[in-house]
Amino acid sequence: MTEKEWLTCGSRIHMRRMLKGLGRDSPLRWIRFNLTCVDRVRDLIDDERCLHFLRGLEIYTGEVRRDPFRSFDDEEAGVREAIRHLWQRRGDPLRGARIAAARAVLMARSHSFATSENTAIAVHRQSYGGREERRRHCPLLRDVFGNPFRPLAFSTECRTETALALARGIYESRDFGAMPILADALQDAGCDNLDILSHCRKPGEHVRGCWVVDLVLGKT
């Protein structure tokens with residue numbers, strides 16, 4: 001795959017193959033990608049055990065310093081129990097979609113497309129359109145992993161108080177309307193990297209885990 005193909009590819013499988021080939025398939029970024037997929041069906045998730053697991057993963061992936069011994073085994077057991085209970089909701093017309101969404105949650109720690117695929121299944125069972133949902137995950141991959149053909153060296157001098165405050169606000173609120181303002185702040189701080197600046201100013205879908213926001217906040 002070439003850089004041009006990466007920027008326009010509509011196949012998750014081809015993009016994953018390319019990331020692995022370039023050694024850019026960071027396990028932590030896979031979890032962030034999985035969480036962005038789950039966000040797309042979060043309205044289907046109403047079991048507190050699933051939500052508790054998601055909150056734990058969000059905290060874990062958002063920390064600059066992570067506990068290497070952190071275990072999610074108990075939380076995953078809770079999600080499995082939630083899935084068993086979902087099977088008993090015979091009168092719920094969205095039962096199938098909810099089960100697929102819960103399975104997407106369960107697999108959120110895996111470095112695979114299991115969460116992505118279960119998200120697409122949940123969308124299909126709720127309103128149809130699973131094939132289109134899979135294609136929509138390709139821009140999410142690009143937003144989380146960036147352009148693997150262009151590894152970046154980011155100067156810490158660009159992490160001004162203004163830039164950091166903007167990035168934190170975007171990350172915590174999940175409101176990406178301030179991305180162009182972040183670009184201006186980075187440029188004022190001396191950042192002249194066109195990939196960073198153009199990504200911030202590019203209209204379209206940004207998600208928590210966006211590679212530029214993580215770069216500014218110093219997340220790996």
Contact check, side chains of Arg142 and Asn147, non-hydrogen atoms, under 4.5 Å: no
Residues Arg201 and Asp184 bridged, charged N to O under 4.0 Å: yes
Geometric class of the His199/Trp211 ring pair [parallel <30°, tilted 30-60°, perpendicular >60°]: tilted
Connected via hydrophobic side-chain network under 4.5 Å: Leu141 and Ile31: no
By side-chain contact (heavy atoms from CB on, under 4.5 Å) - contacts of Gln126 (at least two apart): Asp43, Leu44, Leu94, Ala97
Side-chain donor-acceptor contact under 3.5 Å, Ser112 with Ser110: yes
Option among Arg208, Lys219, Arg32 that satisfies the side-chain hydrogen bond (donor to acceptor under 3.5 Å, both in side chains) test with Asp214: Arg32
Face-on cation placement of Arg70 at Phe72 ring, 6.0 Å and 45° thresholds: yes
Approximate separation, where rounding is to 0.5 Å, of Thr162 OG1 and Ile181 CD1: 11.5 Å
Candidate pair Arg12 and Ser116, rule side chain to side chain donor-acceptor pair (under 3.5 Å), full reasoning: CA-CA 9 Å; Arg12 304 168 303 165; Ser116 172; 2.7 Å; yes
Pair Gln187-Leu197, side chain to side chain contact (heavy atoms under 4.5 Å, CB included): steps then yes or no: CA-CA 8 Å; Gln187 196 166 25; Leu197 300 177; 4.0 Å; yes
Side-chain H-bond candidate by donor/acceptor type, Arg49 with His85, under 3.5 Å: yes
Ring centers of Phe113, Trp30 separated by less than 6.0 Å: yes
